[in-house]
Engineer: 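Let me begin by handing over the structure; questions about it come next.
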Amino acid sequence: QLVESGGGLVQPGGSLRLSCTGSGSALDRYAIGWFRQAPGKEREEDGVSAISSSGDGAFYDDSVQGRFTISRDNTKSTVYLQMDRLRPEDTAVYYCAAVEVPYGPSNWYSRDFEYEYWGQGTQVTVST
């Protein structure tokens with residue numbers, strides 16, 4: 001089971017840190033991705049960020065490159081998405097997803113169909 005937290009209301013230019021915590025099994029065997037669904041739209045098929053099981057490999061969509069940072073603490077079964085310099089267009093429900101992979105830096109995925117487990121989402125609103 002995946003549980004997201006850390007969402008909220010923030011002004012443009014502000015920051016939030018999202019957390020994705022796994023329960024029931026250790027997350028160190030899973031690649032984790034973050035996806036978002038903007039108001040009135042379908043959830044995006046391409047993730048905003050993803051991280052390998054070991055944490056040494058990561059992916060960022062062009063829209064968040066340089067503003068978002070993904071990291072993980074496998075001792076806490078938690079993956080973080082630090083979001084800085086937020087923009088109104090970042091407003092969305094953010095979901096984390098997991099898929100079991102071999103441990104290492106090379107296994108991360110950017111497409112939603114590659115993930116098996118999903119959280120319920122956390123709302124991020126960027127507005128004045």
Engineer: Do the non-hydrogen side-chain atoms of Val99 and Glu114 ever get within less than 4.5 Å of each other?
Structural biologist: no
Engineer: Using 30° and 60° as the class boundaries, would you call the ring planes of Phe35 and Tyr115 parallel, tilted or perpendicular?
Structural biologist: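 If you compare the ring of Phe35 with that of Tyr115, the planes turn out perpendicular.
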Engineer: Which heavy-atom pair separates Arg67 from Leu86 by the least distance, and what is that distance?
Structural biologist: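 That closest heavy-atom pairing would be NH1-CA, 3.9 Å.
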Engineer: To the nearest 0.5 angstrom, please state how far the CD1 atom of Ile51 sits from the CG atom of Asp56.
Structural biologist: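 The CD1 atom of Ile51 sits 8.5 Å away from the CG atom of Asp56.
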Engineer: If you take all heavy atoms of Gly47 and Asp61, which pair is closest and at what distance?
Structural biologist: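 That would be O-CB, 3.7 Å.
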Engineer: Do Val101 and Phe59 share a hydrophobic cluster, counting only Ile, Leu, Val, Met, Phe, Trp and Tyr and linking them when any side-chain heavy atoms are less than 4.5 Å apart?
Structural biologist: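 In one cluster with Val101: Phe59, no.
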Engineer: Who are the side chain to side chain contact (heavy atoms under 4.5 Å, CB included) partners of Ser19, not counting sequence neighbours?
Structural biologist: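 Ser19 satisfies side chain to side chain contact (heavy atoms under 4.5 Å, CB included) with Ser5, Thr78, Tyr80 once adjacent residues are dropped.
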Engineer: When rounded to the nearest 0.5 angstrom, what is the spacing between CG in Asn107 and OG in Ser54?
Structural biologist: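 Output value for this atom pair is 8.5 Å.
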Engineer: What closest approach, in Å, do Val79 and Arg72 show between heavy atoms, and which atom pair accounts for it?
Structural biologist: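 What the structure gives for the nearest pair is CG2-CB, 3.7 Å.
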Engineer: Show me the side-chain donor-acceptor pairs of residues 9-17 shorter than 3.5 Å, one per line, residues at least two apart or across chains.
Structural biologist:
| unit_1 | atom_1 | unit_2 | atom_2 | d |
| --- | --- | --- | --- | --- |
| Ser15 | OG | Asp84 | OD1 | 2.8 |

Engineer: Would you say Val124 and Met83 make side-chain contact, with heavy atoms under 4.5 Å?
Structural biologist: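 Yes, their side chains come closer than 4.5 Å.
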Engineer: Quick check: are there more than 12 heavy atoms from other residues, nucleotides or ligands sitting under 6.0 Å from CD of Glu100?
Structural biologist: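 Correct, the count exceeds 12.
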Engineer: Quick one: closest heavy-atom pair of Leu27 and Ser77, and the distance?
Structural biologist: CD1-O, 3.1 Å
Engineer: Ignoring hydrogens and angles, tell me if any N or O in the side chain of Ser49 forms a donor-acceptor pair with the backbone of Thr69 under 3.5 Å.
Structural biologist: no
Engineer: In this structure, are over 12 heavy atoms from other groups packed under 6.0 Å from Glu89 atom CD?
Structural biologist: yes
Engineer: For Thr21 and Lys76, which heavy atoms make the closest approach, and how far apart are they?
Structural biologist: CG2-O, 4.3 Å
Engineer: Rounded to the nearest 0.5 Å, how far does CD1 of Ile70 lie from SG of Cys96?
Structural biologist: 9.5 Å
Engineer: Locate the shortest heavy-atom distance separating Asn74 from Ser53; write the atom from each residue and the value.
Structural biologist: ND2-O, 3.1 Å
Engineer: The criterion is side chain to side chain contact (heavy atoms under 4.5 Å, CB included); which residues satisfy it with Val93, sequence neighbours excluded?
Structural biologist: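 Val93: side chain to side chain contact (heavy atoms under 4.5 Å, CB included) contacts with Tyr95, Gln123.
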Engineer: Is there a side-chain contact between Pro39 and Thr91, using heavy atoms and a 4.5 Å cut-off?
Structural biologist: yes
Engineer: Taking a hydrophobic cluster as the set of Ile, Leu, Val, Met, Phe, Trp and Tyr residues connected by side-chain heavy atoms closer than 4.5 Å, whether directly or through intermediates, do Tyr30 and Trp118 fall within one such cluster?
Structural biologist: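 They do not share one cluster, since no chain of ILVMFWY contacts under 4.5 Å joins Tyr30 to Trp118.
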Engineer: Decide whether Val48 and Tyr117 are clustered together by the hydrophobic rule: side chain heavy atoms of Ile, Leu, Val, Met, Phe, Trp, Tyr closer than 4.5 Å, transitively.
Structural biologist: yes
Engineer: Does one hydrophobic cluster hold both Trp108 and Ile32, with members joined at side-chain heavy-atom distances below 4.5 Å?
Structural biologist: no
Engineer: Going by the side-chain hydrogen bond (donor to acceptor under 3.5 Å, both in side chains) test, name the single residue among Gln37, Arg36, Glu4 that passes it with Tyr94.
Structural biologist: Arg36
